[in-house]
Trainee: 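Dumping the structure here so I can ask a few things about it.
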Amino acid sequence: MKVVRSKRELRAALDERRSGSVGLVPTMGFFHKGHLSLMRRARSECDTVVVSSFVNPTQFRPGEDYESYPRDEQRDIELARATGVDLFFAPPVDEMYASDHCTTVRVRGGLTEVLCGDPHRRGPEHFDGVTTVVAKLLNIVQPQRAYFGQKDAQQALVVRRMVRDLDFPVEVVVCPTVREADGLAMSSRNVYLSPDERQRATALSRALEAARRAAANGVVTPAEVLAVARGELAAAGVEPEYLELRSLEDLRPVESLERPALLAVAARIGRARLIDNVTLGGAEL
Ligand code: AMP
């Protein structure tokens with residue numbers, strides 16, 4: 001595995017191996033098994049696997065955890081190497097953004113203004129940061145496939161819409177959420193949790209799973225499904241930032257569970273802002 005820091009080095013390394021397909025796994029580093037599952041999937045489907053590790057400043061709001069976001073590059077490099085990654089792209093900020101960078105890729109259409117994109121939460125500008133950096137990475141790497149986790153379902157849907165609308169010649173592959181044994185979705189931010197908070201954090205996946213089971217067992221209205229999830233959260237003393245059922249296609253609120261739906265939750269537990277989701281009715285992203 002080669003570690004590269006500049007776009008020029010990355011392109012040179014890709015040019016050397018340009019035969020066959022290229023898969024890109026964009027990340028912010030501090031790897032866990034969720035990241036590794038994306039790398040493994042890419043490894044099984046592509047001839048060359050590129051992992052980018054870049055804590056993208058433009059997707060953080062002032063006051064969010066950009067400076068304190070966990071980082072351990074040496075460990076990440078070892079894990080990526082052991083997972084069969086070919087190129088580890090970890091550019092400094094000024095390699096990704098010229099000092100006079102002034103272009104933004106913005107997806108709207110109701111996809112980025114809701115859930116995490118609500119102006120009272122991370123805001124649609126969070127997703128502007130995501131789509132801009134992902135567009136840049138797609139142009140730099142020019143992969144045939146790019147791998148994202150269902151854990152960040154809204155992000156995956158927003159990226160997929162950008163790729164469709166701007167005709168990026170890439171297939172967006174969404175991989176299942178990897179969880180701890182007790183159900184907690186793996187996240188780099190889980191290191192912020194104290195032992196007590198770590199215990200309470202399991203309420204998120206428990207609530208989603210209870211609601212999913214209720215829907216599978218005949219609970220039919222969105223309000224009833226939401227009430228099941230809300231009950232589990234309340235029992236653990238967790239007040240969600242949001243708990244919503246939305247269309248898997250366009251993130252509009254759903255009036256019935258006959259169409260593919262996403263049940264998504266966000267909650268602040270101690271210092272950590274955690275998100276999780278499930279699809280209902282066996283639908284896939
Ligand atoms: P991040 O480094 O948190 O920006 O995540 C990089 C990629 O890994 C994104 O596509 C995430 O959706 C994905 N990812 C993060 N956590 C998980 C998880 N628990 N299971 C599957 N994919 C994940």
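Throughout, residue positions are numbered sequentially from 1 according to the sequence presented. What you see below is based on every heavy atom in this structure, not just the backbone, and it leaves out hydrogens, waters and symmetry mates. Computed from a prediction, not measured in an experiment: that's the story for all the values here. As the structure lists them, so they are numbered: ligands from 1, and atoms in each ligand from 1.
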Trainee: Roughly how far, to the nearest 0.5 Å, is the CZ atom of Arg122 from the CZ atom of Arg273?
Mentor: 6.0 Å
Trainee: Would you check whether Arg179 reaches within less than 4.0 Å of ligand 1, judged by its heavy atoms?
Mentor: no
Trainee: What closest approach, in Å, do Leu251 and Gly110 show between heavy atoms, and which atom pair accounts for it?
Mentor: CB-O, 4.4 Å
Trainee: Record the part of Gln150 in heavy-atom contact with ligand 1 below 4.0 Å; permitted values are side chain, backbone, both and neither.
Mentor: neither
Trainee: At less than 4.0 angstrom from any non-hydrogen atom of Phe148, what atoms of ligand 1 do you find?
Mentor: 10 (O)
Trainee: Can you name the closest pair of heavy atoms from Glu95 and Arg5 and give their distance?
Mentor: CG-O, 3.7 Å
Trainee: Can we say Glu45 and Arg41 salt-bridge, meaning some charged N sits less than 4.0 Å from an Asp/Glu carboxylate O?
Mentor: yes
Trainee: What protein heavy atom sits nearest atom 22 (N) of ligand 1, and how far away is it?
Mentor: Gly149 CA, 3.5 Å
Trainee: Using a 4.0 Å heavy-atom threshold (strictly under), name the region of Val25 that reaches ligand 1: side chain, backbone, both or neither.
Mentor: neither
Trainee: How far is atom 11 (C) of ligand 1 from its nearest protein heavy atom, and which residue and atom is that?
Mentor: Asp152 OD2, 3.1 Å
Trainee: Going by the atom numbers of ligand 1, which of them fall below 4.0 Å from some non-hydrogen atom of His35?
Mentor: 1 (P), 2 (O), 3 (O), 5 (O), 6 (C), 8 (O)
Trainee: Nearest 0.5 Å please: distance from the NZ atom of Lys33 over to the CG atom of Leu79.
Mentor: 11.0 Å
Trainee: Is Pro26 touching ligand 1 with its side chain, its backbone, both, or neither, if touching means heavy atoms under 4.0 Å apart?
Mentor: backbone
Trainee: In this structure, which one of Arg206, Arg213, Arg200 forms a salt bridge (charged side-chain N to carboxylate O under 4.0 Å, His left out) with Glu232?
Mentor: Arg206
Trainee: Please work out whether the ring planes of Phe54 and Tyr97 are parallel, tilted or perpendicular, with thresholds of 30° and 60°.
Mentor: tilted
Trainee: Please could you name the atoms of ligand 1 that Leu38 approaches to less than 4.0 Å, counting only its heavy atoms?
Mentor: 7 (C), 8 (O), 10 (O), 13 (C), 22 (N)
Trainee: Is any NZ, NE, NH1 or NH2 atom of the basic residue among Asp65 and Arg271 found under 4.0 Å from an Asp or Glu carboxylate oxygen of the other?
Mentor: no
Trainee: Is there a polar contact between ligand 1 and Thr27, counting only N or O atoms under 3.5 Å apart?
Mentor: no
Trainee: Is the shortest N/O to N/O distance between Val178 and ligand 1 below 3.5 Å?
Mentor: yes
Trainee: Distance under 4.0 Å to a non-hydrogen atom of Met186: what atoms of ligand 1 satisfy this?
Mentor: 16 (N), 17 (C), 18 (C), 19 (N)
Trainee: Would you say Ala185 has any N or O atom under 3.5 Å from an N or O of ligand 1, going by distance alone?
Mentor: no
Trainee: Do any heavy atoms of Pro176 fall under 4.0 Å from ligand 1?
Mentor: yes
Trainee: Does the side chain of Asp250 come under 3.5 Å of the side chain of Ser247 through a donor N or O and an acceptor N or O?
Mentor: yes
Trainee: Based purely on interatomic distance, does Met28 place a nitrogen or oxygen under 3.5 Å from a nitrogen or oxygen of ligand 1?
Mentor: yes
Trainee: Atom 9 (C) of ligand 1: which of Gln155, Gln59, Lys151 has the nearest heavy atom?
Mentor: Gln155
Trainee: Is it true that Glu78 and Arg75 make a salt bridge, defined as a side-chain N closer than 4.0 Å to a carboxylate O?
Mentor: no
Trainee: Does this structure show an ion pair linking Asp182 with Arg198, if we count only N-O contacts that are shorter than 4.0 Å?
Mentor: yes
Trainee: Give me the residue, atom name and distance of the protein heavy atom closest to atom 16 (N) of ligand 1.
Mentor: His32 CE1, 3.2 Å
